[in-house]
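What follows is one structure encoded as structure tokens, with my remarks underneath.
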2 protein chains.
Amino acid sequence: MKNYELVLHRVEADLAAGRLRIGERLPGERVLAEQLGISRPSVREAVRVLEAMGVVRTATGSGPEAGAVIVAEPVSPLTAVLRLHLATNHLPMNDVVQTRILLESWAAREAAGRQVDSGELKLADDLLDQMDAPDLSPEEFHLLDAEFHVALSGLAGNVLIAAVMASLRSAIHGYVLAAVPNLTDWEATTVGLRSEHRAIVKAIRAGTPDDAAELVTAHIRGFYQAARLNTAP
Amino acid sequence: MKNYELVLHRVEADLAAGRLRIGERLPGERVLAEQLGISRPSVREAVRVLEAMGVVRTATGSGPEAGAVIVAEPVSPLTAVLRLHLATNHLPMNDVVQTRILLESWAAREAAGRQVDSGELKLADDLLDQMDAPDLSPEEFHLLDAEFHVALSGLAGNVLIAAVMASLRSAIHGYVLAAVPNLTDWEATTVGLRSEHRAIVKAIRAGTPDDAAELVTAHIRGFYQAARLNTAP
DNA sequence: GGGGGTCATGTGGTCGGACCACAGCATAGC
DNA sequence: GCTATGCTGTGGTCCGACCACATGACCCCC
């Protein structure tokens, strides 16, 4: 067993046993090193891994915000894993798109089925209004688009699926932007996407699960076909 | 920008550009440190993160297997992220179960729909035969069970979904085992699970997607209800 | 007594150097 | 020709030091 794994196991056990809770601080690196009988560099390697896993956030200085604070941020590590494995070309873009369709159509169906109240839909509406601005760059448009889709996924009330969706969108953001030139007509594309978004929200509000799921599926599939993103980048 | 992030960006860029391929070796830590003008500890922190992300595998010694070799192992990092966030209690077990049902029923539907050839089903059959052994411990049984479910998910041909499924199973393995005492009758449970497994494979082989998906959904939901695992641990 | 500036303190961030264990390979010796 | 030994390069670990930063206590001046 490598020394830095001692720290990982210790922290995981402390979390599982409730000895460490979100918002609390990890012991200082020097203290942790002495407690476990290992060196500070070994502790640091473990803290780095925990940081990459979205379990701690480190900051310098003093005060309650400094040090290694326990957080629960699952999106960034999932994003990192996906991005890196997309980069190795051993994760076909087509599989990512297929997963998006599966998760998002499910979320839309769930949201429509459980009759979300209009307060939850307000964020989505606001985002759609922002996307109506006439002079958005592709980058700005897609950031709002991603936020909208993530918000929709959140309506289903499943933390894990929402996190995976958010990380999927973040991971492929660069690839999507790079594919914009493949579109024959950017303006026409945005008009279509905008009206499809409105239709999806309308279906969820109306409480018609099958319609909502179908609209989402067609929406995603249509864009990736237009952008020719269904093959490995 | 922290120094170890220099290494991460450098490696990700090299992967994306094809300058680093799977099976190749990362430059030595000392070399990397000098190339980027940073210290070896900083490089080591980055390598640790890459290792945790399933992108490199490190080993001591010399020869082609030693050093930091580029690999593509998405399951272990996903497992680690899920396990850690389950430990923080900010990821409800119910959401994980719901995700399992969604992914696995989809995979079963896909597999049944595309008429997998019997060679691909042989692994699943073999695992089911092994699970018929009369004196399996709960631990052994669930390991085989997990392997069976992961194999099924693989039949759909989506690398990402198969990886997520495998990591879900690994992450909850401990929780499942801990819940075995909740079952009123372990023997009767295994008999039921075994026959359900056979029925699922039969439906896939018969090419009846709706049946396959429905059987998988009932199978998973039934077990978690019996084991009372639908609430946070 | 109050207010503002200054320094002590503790945090992570970084560095250089050193030594160890390990695996493979070149080479010397038989 | 074969074996055994040492050389080489790899990651693994440690030590000690210094830096940048944010805070809070302290002190001086008004």
Side-chain angles (χ1 to χ4, degrees), chain A residues 1-11 14-15 20-73 76-77 80, chain B residues 1-11 14-15 20-73 76-77 80:
Chain A
M1 163 110 55
K2 292 168 189 165
N3 278 352
Y4 82 100
E5 292 177 332
L6 291 175
V7 184
L8 295 183
H9 290 150
R10 149 88 180 260
V11 171
D14 283 354
L15 285 173
L20 274 179
R21 276 187 293 270
I22 294 185
E24 294 183 0
R25 288 176 37 181
L26 223 55
E29 297 177 353
R30 295 162 178 87
V31 176
L32 222 37
E34 188 170 4
Q35 283 182 3
L36 294 171
I38 60 180
S39 70
R40 194 178 157 211
S42 295
V43 173
R44 284 185 60 75
E45 291 176 11
V47 173
R48 277 278 182 267
V49 171
L50 290 172
E51 195 177 16
M53 293 290 185
V55 172
V56 307
R57 164 178 48 80
T58 62
T60 62
S62 77
E65 288 305 302
V69 182
I70 308 288
V71 295
E73 220 293 86
S76 53
Chain B
M1 162 113 52
K2 290 167 189 165
N3 277 352
Y4 82 101
E5 292 177 331
L6 291 174
V7 184
L8 295 183
H9 290 148
R10 149 86 180 260
V11 171
D14 283 354
L15 284 172
L20 274 179
R21 276 185 294 268
I22 294 185
E24 295 184 357
R25 287 177 36 185
L26 223 53
E29 297 178 352
R30 295 161 177 86
V31 176
L32 222 37
E34 188 170 6
Q35 283 181 3
L36 294 172
I38 60 180
S39 71
R40 194 178 156 210
S42 296
V43 172
R44 284 185 60 75
E45 291 177 12
V47 173
R48 277 279 182 267
V49 172
L50 290 172
E51 195 177 16
M53 294 290 185
V55 172
V56 308
R57 163 178 50 79
T58 62
T60 63
S62 76
E65 288 305 302
V69 182
I70 307 288
V71 296
E73 221 295 85
S76 52

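Heavy atoms only: backbone and side chains are in, while hydrogens, waters and symmetry mates are out. Just so it is clear, the structure is predicted and the values come from calculations on it, not from any experiment. Every chain is numbered from 1, with letters handed out A, B, ... down the list of sequences.
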Could you list, one pair per line, each protein nitrogen or oxygen that sits under 3.5 Å from a nitrogen or oxygen of nucleotides 4-6 of chain D, together with the distance?
none

Summarise how protein sits on nucleotides 13-22 of chain D as a single string, 5' to 3': B when a protein heavy atom is under 4.0 Å from the base, S for sugar-phosphate-only contact, - for no contact.
-> BBB-B---BB

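- Considering CG of A:Leu26 and CD1 of A:Ile70, their distance stands at 5.0 Å, rounded to 0.5 Å.
- B:Arg48 has no carboxylate O lying under 4.0 Å from a charged side-chain N of B:Glu45, or vice versa, which leaves the two without a salt bridge.
- At a threshold of 4.5 Å between non-hydrogen side-chain atoms, the residues A:Leu6 and A:Met1 count as touching.
- Taking the side chain as every heavy atom from C-beta outward, A:Leu36 and A:Val43 never approach each other to under 4.5 Å.
- Atom CD of A:Glu24 has more than 12 neighbouring heavy atoms from other residues, nucleotides or ligands inside a 6.0 Å radius.
- In the helix from C:dG1-D:dC30 to C:dC30-D:dG1, the rotation axis of the first five pairs and that of the last five pairs differ in direction by 30°, rounded to 10 degrees.
- Every residue meeting the side-chain contact (heavy atoms from CB on, under 4.5 Å) condition with B:Glu65, not counting sequence neighbours, appears here in chain and number order: B:Arg57.
- Qualifying side chain to side chain donor-acceptor pair (under 3.5 Å) partners for B:Glu5, counting only residues two or more places apart in sequence or in other chains: none.
- Looking at heavy atoms from C-beta onward, A:Gln35 lies in side-chain contact with A:Leu32 at the 4.5 angstrom threshold.
- Within 4.0 Å of A:Arg25, counting heavy atoms only, lie sugar-phosphate atoms of the nucleic acid but no base atom.
- The nearest whole Å value for the distance from the CD atom in B:Glu5 to the C1' atom in C:dG13 is 12 Å.
- We find the CG-CZ distance between A:Leu15 and A:Arg10 to be 11.0 Å, quoted to the nearest 0.5 Å.
- B:Arg40 is linked by a side chain to side chain donor-acceptor pair (under 3.5 Å) to B:Glu29, counting only residues two or more places apart in sequence or in another chain.
- Distance B:Glu65 CD to C:dA23 C1': 11 Å, rounded to the nearest Å.
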